[in-house]
Novice: 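My questions all concern the structure below.
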Amino acid sequence: MIQSQKSETPSMKRHMGMKASSRISNTVSYVVLVLISVIWLIPFVCILLQSFRCESTHQVGYIIPQKWGLDNYRNLFNTNFPRWYTNTLITALFVAVFQTIIVLCMSYTLSRFRFKMRKPLMQFMLILGMFPGMLSMIILYQVLKDLGMTQSNAVPGLILVYIASSGMGYYVSKGFFDTISKSLDEAARIDGATRFQVLLKIILPLSKPIVIYTILTAFMGPWGDFVFARYISFNVSAGMNAAVGLYGWLSQDQISKNYTMFCAGGVLVAVPVTILFMCLQRYYVEGVTGGAVKG
Amino acid sequence: MKQLTDLEYLKLSKWKRLLHRLGSFFASIPHGIVNGLISLGRGIKKAAVGLRDDVTDIFATFREGDWSAKASFLVMGTGNIAHGQWLRGLLFLLFEVVFIVYMITGGIYWLSMLPSLGKQGPTLEYDPIYDIDVVTYHDNSFKILLYGVLTIFFIVALIYTWRVNIRQNKLIAQIKRSGKKLKSGKDDLRSLVDDQFHKTLLALPLTGILLFTVLPIFFMILVAFTNYSGTNNGYTNNLFTWVGLDNFNTLLSWKAVGGQSYAATFGEVLAWTLIWAFFATFTNYFLGMMVAMLINKKGIKLKKLWRTVLVMTIAVPQFISLLYVSKMFAKNGLINNFLMSMGWITKALPFWEDPTWARITVILINIWIGIPYLMLITTGILMNIPQDLYESSRIDGANAWQQYFKITLPYMLFVTGPYLLTSFTGNMNNFNVIYLLTGGAPTNTAASSAAGSVGYTDLLITWLFKITTGAEAQYYMASVIGIMVFVVVALISLVVYRCLPSIKNEEDFQ
């Protein structure tokens with residue numbers, strides 16, 4: 001096609017045409033992007049606006065409240081919500097610390113050491129991961145119940161379970177450690193450093209992105225976890241986390257009474273995580289992209 | 001299937017290559033089975049030879065060893081202690097003492113009860129002091145199964161440790177003969193942060209995985225062969241016991257039980273799970289890629305803003321956004337209310353009430369959830385595509401479509417192949433989206449009454465969850481379904497893994 005247009009004028013015309021068409025396509029793109037942004041943001045805007053709605057507490061057909069106020073937020077403190085919130089926060093903080101340590105131990109070892117059981121261990125964990133994790137919930141619930149870590153004491157039980165099985169999620173950070181050159185380790189070893197010193201003084205300072213990524217995902221996991229928290233708290237309000245508690249407010253018999261309060265609670269739960277996430281966004285993107293490419 | 005040479009294979013078009021790979025995979029199954037059997041036989045033979053060698057080795061150690069080596073056969077660690085390796089020796093000894101104490105205090109009981117899973121459940125007995133009937137607990141099937149499995153793990157660990165202990169004696173003798181010095185306890189401790197550092201690092205994570213993942217899964221696999229349920233929980237009411245393959249028979253039986261047969265219900269749920277996983281994976285994948293390309297497009301300004309808007313939606317915990325959106329589409333929710341107040345519809349749209357509507361809505365909302373992730377993932381990879389590929393193709397006269405199908409898509413598929421596989425299996429088990437959006441509703445009234453209240457949007461995983469809750473919980477069926485999920489996931493992974501180009505020709509794009 002291009003070879004056939006040898007003369008000057010058509011190619012110039014084509015050039016102008018391309019410019020015009022690129023302007024049109026850009027406009028179309030902008031329209032699509034604005035549309036996408038609106039669709040993606042609408043639910044969140046709705047939650048935010050409805051949390052300030054005071055004239056009624058059930059679902060309505062409009063978005064902008066007729067009467068604005070903080071009633072819903074104030075009412076939250078007359079419910080068990082503060083307890084749920086603290087439960088969630090404590091769980092998330094503990095899990096963020098310990099899960100990070102465990103995941104890093106696991107992934108560093110599998111990336112750096114070559115021992116006899118390494119390959120079988122990885123294959124075994126791959127197969128283990130194919131079983132639905134939900135199955136183990138039944139037995140874990142019974143065991144935790146015997147240990148007295150369910151219902152109103154659900155928080156320690158939850159923390160224990162989240163942390164204990166976290167070693168399985170080593171893939172992303174292993175991929176990261178794989179990219180750090182091994183010659184660094186060897187150089188330090190020749191200089192007389194022990195393996196432990198190599199990890200502490202050489203690898204860790206280089207791994208800031210992956211450490212932050214692991215902490216971030218470990219923190220956000222329990223913040224939004226629902227199934228297991230629900231199973232363990234077993235309808236006892238004091239042991240619920242925010243997700244389970246708020247879920248109850250949207251049940252058939254409560255929704256007309258608690259709908260706007262759910263929105264307020266949702267805003268309070270979402271805001272801290274969102275701010276944290278936006279600040280550390282760069283690390284998250286790096287981790288997610290790296291993980292996907294390595295599979 | 002005809003075996004192709006490399007040159008013939010490269011001549012084929014992309015789809016024919018895929019077909020060829022698929023075909024040769026299935027053609028290789030009989031051959032593979034035969035090979036598998038042969039290698040299994042070899043493995044058994046090798047294991048037998050290994051065992052024989054091991055046994056002769058153990059006898060040799062006993063014959064040639066001094067008194068302490070001989071004593072270690074009964075009291076573990078004697079050899080180490082006699083030669084000054086106090087730390088190792090005491091650890092061996094400690095393990096043995098713990099084992100014996102455990103076996104006497106409980107292990108023997110658990111193990112002996114394992115074949116029957118308990119003889120007598122809780123009974124009501126008259127208490128003369130309080131003048132009422134009180135519940136007296138006897139055997140507990142749940143604990144018997146759990147601790148029985150643990151005891152077996154423990155015994156295997158003891159056998160292994162005993163073998164290591166014997167080998168230690170041989171080692172000591174060897175080192176003594178060569179005149180070298182034995183490692184002291186201090187050396188052992190030092191090696192734990194140096195050349196044996198991986199053991200230190202792995203100790204904690206692996207213990208956690210063993211106790212909280214391996215043991216439960218092992219337990220639940222065994223549950224599939226019992227009648228453990230809410231009414232037979234072995235704890236507070238009737239004991240449960242082994243039933244062999246009965247539960248698998250129930251799952252695969254075509255006999256109608258109050259409505260459809262169980263097998264038909266299972267088939268329906270499985271089919272929907274696969275359809276859902278397919279659409280959830282590929283709609284997200286292609287639309288996410290398109291959004292990423294749109295934002296990456298030359299001449300688009302405020303790239304960071306668009307990206308941030310989407311990324312922000314990842315940050316909000318899923319239960320909030322999913323629950324909210326689910327209520328938005330409810331019969332009296334925001335959307336229906338709005339449409340009715342505008343007078344565009346007179347009757348509420350049955351987003352969650354009609355099976356087909358519900359299924360489509362779930363897929364659409366999942367697109368809303370998934371696109372931001374896919375946008376993030378694909379943006380990075382799109383930027384990695386060598387730009388000169390596009391330059392040279394433009395000079396050759398390719399238009400945007402051709403560029404997409406000949407450069408972008410193959411590259412993306414190649415790089416993200418493994419990701420697509422994990423995302424597919426992940427979607428099969430995507431509990432959150434389904435449970436928070438619909439809870440499986442609308443209920444499938446035609447389904448087998450034995451299957452619990454399974455709904456039209458229920459995946460296998462949410463179905464499994466449903467039948468494990470409530471007083472009538474059918475744990476045994478849940479674990480059968482769990483095993484089926486495993487089988488399906490494993491099969492898909494195996495087939496796809498064999499056919500993935502990124503696995504087969506790792507060097508293609510480099």
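Just the heavy atoms: all of them, side chains too, but no hydrogens, waters or symmetry mates, feed the values below. Naming: A, B, ... by sequence-line order, numbering from 1 per chain.
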Novice: Going by the rule ring-ring contact (aromatic ring centres under 6.0 Å, His included), which residues pair with A:Phe98 if we only count those two or more places apart in sequence or in a different chain?
Specialist: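 For A:Phe98 there are no ring-ring contact (aromatic ring centres under 6.0 Å, His included) partners, ignoring immediate neighbours.
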Novice: Non-hydrogen atoms of chain B under 4.5 Å away: do they reach the side chain of A:Leu41, the backbone, both or neither?
Specialist: side chain
Novice: For each of B:Phe319, B:Tyr435, B:Phe338, B:Phe142, tally heavy-atom pairs with chain A at distances under 4.5 Å, and name the one with the top tally.
Specialist: B:Phe319
Novice: Identify which of B:Asn332, B:Thr213, B:Leu376, B:Leu323 forms the greatest number of heavy-atom pairs closer than 4.5 Å to chain A.
Specialist: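 Heavy-atom pairs under 4.5 Å are most numerous for B:Leu323.
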Novice: Are B:Lys199 and B:Gln196 close enough that a side-chain donor and a side-chain acceptor fall under 3.5 Å?
Specialist: yes
Novice: Side chains of A:Tyr162 and A:Asp225: donor-acceptor distance under 3.5 Å anywhere?
Specialist: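 Note: A:Tyr162 and A:Asp225 side chains meet the donor-acceptor criterion.
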Novice: Please look at B:Tyr228 and chain A and tell me whether the side chain, the backbone, both or neither of the residue comes under 4.5 angstrom of a heavy atom of that chain.
Specialist: side chain
Novice: Pick one of side chain, backbone, both or neither for B:Asn336, based on which atoms fall under 4.5 Å of a heavy atom in chain A.
Specialist: neither
Novice: Under a 4.5 Å cutoff for heavy-atom pairs, which residue among B:Val309, B:Leu334, B:Val489 has the most contacts with chain A?
Specialist: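 Most pairs with chain A among the choices: B:Leu334.
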Novice: For B:Leu150, which residues count as a side-chain contact (heavy atoms from CB on, under 4.5 Å) partner, sequence neighbours excluded?
Specialist: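 Counting only residues at least two positions away or on another chain, B:Leu150 forms a side-chain contact (heavy atoms from CB on, under 4.5 Å) with B:Tyr147, B:Leu215.
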Novice: Is there side-chain contact between B:Arg307 and B:Lys304, with heavy atoms separated by less than 4.5 Å?
Specialist: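 They are not in side-chain contact.
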Novice: Tell me, for B:Ile314 versus chain A, whether the close heavy atoms (under 4.5 Å) come from the side chain, the backbone, both or neither.
Specialist: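 When you check distances to chain A, atoms from both the backbone and side chain of B:Ile314 fall under 4.5 Å.
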Novice: Given that the side chain runs from C-beta out, which part of A:Tyr247 has a heavy atom under 4.5 Å from chain B: side chain, backbone, both or neither?
Specialist: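 Both backbone and side chain.
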Novice: Please look at B:Met220 and chain A and tell me whether the side chain, the backbone, both or neither of the residue comes under 4.5 angstrom of a heavy atom of that chain.
Specialist: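 Only the side chain of B:Met220 comes within 4.5 Å of chain A.
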Novice: For A:Phe234, does the CZ atom have more than 12 heavy-atom neighbours from other residues, nucleotides or ligands under 6.0 Å away?
Specialist: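 At most 12 heavy atoms, drawn from other residues, nucleotides or ligands, come within 6.0 Å of this atom.
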Novice: Heavy-atom cut-off 4.5 Å, strictly under: side chain, backbone, both or neither for B:Val325 against chain A?
Specialist: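 For B:Val325, the side chain is the part near chain A, not the backbone.
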Novice: Side chain, backbone, both or neither: which part of A:Ile255 has an atom under 4.5 Å from a heavy atom of chain B?
Specialist: side chain
Novice: Is it the backbone or the side chain of B:Leu464 that comes under 4.5 Å from a heavy atom of chain A, or both, or neither?
Specialist: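 Interface part for B:Leu464: side chain.
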Novice: Can you tell me which portion of A:Arg114 sits under 4.5 Å from chain B's heavy atoms? Options are side chain, backbone, both or neither.
Specialist: neither
Novice: Counting only heavy atoms closer than 4.5 Å, note whether A:Ile127 contacts chain B via side chain, backbone, both or neither.
Specialist: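 Answer is both: backbone and side chain atoms of A:Ile127 are under 4.5 Å from chain B.
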Novice: Hydrogens and angles aside, do A:Tyr284 and A:Thr217 bring a side-chain donor and acceptor to less than 3.5 Å of each other?
Specialist: no
Novice: So which of B:Ser341, B:Pro372, B:Ser493 has the largest heavy-atom pair count under 4.5 angstrom toward chain A?
Specialist: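 Sorted descending by pairs with chain A, the first entry is B:Pro372.
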Novice: Name the region of A:Leu216, side chain, backbone, both or neither, that has any atom closer than 4.5 Å to a heavy atom of chain B.
Specialist: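 Contact with chain B involves no heavy atom of A:Leu216 at all.
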Novice: Kindly indicate whether the side chain of A:Leu200, heavy atoms from C-beta on, has any atom under 4.5 Å from the side chain of A:Gln197.
Specialist: no
Novice: Just by distance, do the side chain of A:Tyr30 and the backbone of B:Lys301 share a donor-acceptor pair under 3.5 Å?
Specialist: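 Looks like yes, one N/O pair under 3.5 Å.
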Novice: Are B:Ile365 and B:Phe329 close enough that some pair of their side-chain heavy atoms sits under 4.5 Å apart?
Specialist: yes
Novice: So, using ring-ring contact (aromatic ring centres under 6.0 Å, His included) as the criterion, who are the partners of A:Trp84 when residues are at least two apart?
Specialist: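 Per chain and number, A:Trp84 pairs via ring-ring contact (aromatic ring centres under 6.0 Å, His included) with A:Trp249.
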Novice: Which bit of A:Ser166 is near chain B, if near means a heavy-atom gap under 4.5 Å: side chain, backbone, both or neither?
Specialist: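 Neither; nothing under 4.5 Å.
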Novice: Less than 3.5 Å apart, any donor N or O on the side chain of A:Ser56 or A:Arg53 sitting next to an acceptor on the other?
Specialist: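 Their side chains do contain a donor-acceptor pair, which is all the 3.5 Å distance test asks for.
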Novice: Is it the backbone or the side chain of B:Thr308 that comes under 4.5 Å from a heavy atom of chain A, or both, or neither?
Specialist: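 Contact with chain A involves both backbone and side-chain atoms of B:Thr308.
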Novice: What part of B:Trp306 gets within 4.5 angstrom of chain A, counting heavy atoms only: side chain, backbone, both, or neither?
Specialist: side chain
Novice: By a 4.5 Å heavy-atom criterion (distance strictly below it), what part of A:Cys46 contacts chain B: side chain, backbone, both, or neither?
Specialist: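 Both backbone and side chain.
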Novice: Measure distances from B:Lys143 to the heavy atoms of chain A and classify the residue's part below 4.5 Å as side chain, backbone, both or neither.
Specialist: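 Side chain only.
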Novice: For B:Arg190, does the CZ atom sit with more than 12 other heavy atoms under 6.0 Å from it, leaving out its own atoms?
Specialist: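 Atom CZ in B:Arg190 is not packed in, count stays at 12 or less.
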Novice: With a 4.5 angstrom heavy-atom cut-off, is it the side chain or the backbone of A:Met168 that approaches chain B, or both, or neither?
Specialist: both
Novice: Who among A:Leu126, A:Leu104, A:Asp146 has the most heavy-atom pairs with chain B under 4.5 Å?
Specialist: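 Heavy-atom pair counts peak at A:Asp146.
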Novice: Does any backbone or side-chain atom of A:Phe226 lie under 4.5 Å from a heavy atom of chain B? Answer side chain, backbone, both or neither.
Specialist: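 Only the side chain of A:Phe226 comes within 4.5 Å of chain B.
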Novice: Using only non-hydrogen atoms and a strict under-4.5 angstrom cutoff, which residues of residues 480-488 of chain B touch chain A?
Specialist: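 So far as heavy atoms go, B:Gly482, B:Val485, B:Phe486 are the residues that approach chain A to under 4.5 Å.
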Novice: Would you compute the distance between atom CG of A:Leu160 and atom CZ of B:Phe212 and round it to the nearest 0.5 angstrom?
Specialist: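 It is 3.5 Å, given to the nearest 0.5 Å.
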Novice: Using non-hydrogen atoms and a 4.5 Å limit, figure out which bit of A:Gln281 sits close to chain B: side chain, backbone, both or neither.
Specialist: side chain
Novice: Give, as side chain, backbone, both or neither, the part of B:Ser479 having an atom under 4.5 angstrom from any heavy atom of chain A.
Specialist: both
Novice: Where does A:Met130 contact chain B at under 4.5 Å (heavy atoms): side chain, backbone, both or neither?
Specialist: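 For A:Met130, the contact with chain B is made by backbone and side chain together.
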Novice: With a 4.5 Å cut-off on side-chain heavy atoms, are B:Ile221 and B:Ile217 touching?
Specialist: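 The answer is yes; the side chains approach within 4.5 Å.
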Novice: Which atoms of A:Val34 are under 4.5 Å from chain B, going by heavy atoms: the side chain, the backbone, both sets, or neither?
Specialist: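 Contact with chain B is through both the backbone and side chain of A:Val34.
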Novice: Between B:Lys297 and chain A, which part of the residue has a heavy atom less than 4.5 Å away: side chain, backbone, both or neither?
Specialist: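 The side chain, not the backbone.
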Novice: Pick from B:Ser423, B:Ala315, B:Gly208: which one has the most heavy-atom pairs with chain A under 4.5 Å?
Specialist: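 Sorted descending by pairs with chain A, the first entry is B:Ala315.
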Novice: Which answer fits A:Leu135, side chain, backbone, both or neither, if we ask what part of it has an atom under 4.5 Å from a heavy atom of chain B?
Specialist: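 Both backbone and side chain of A:Leu135 come within 4.5 Å of chain B.
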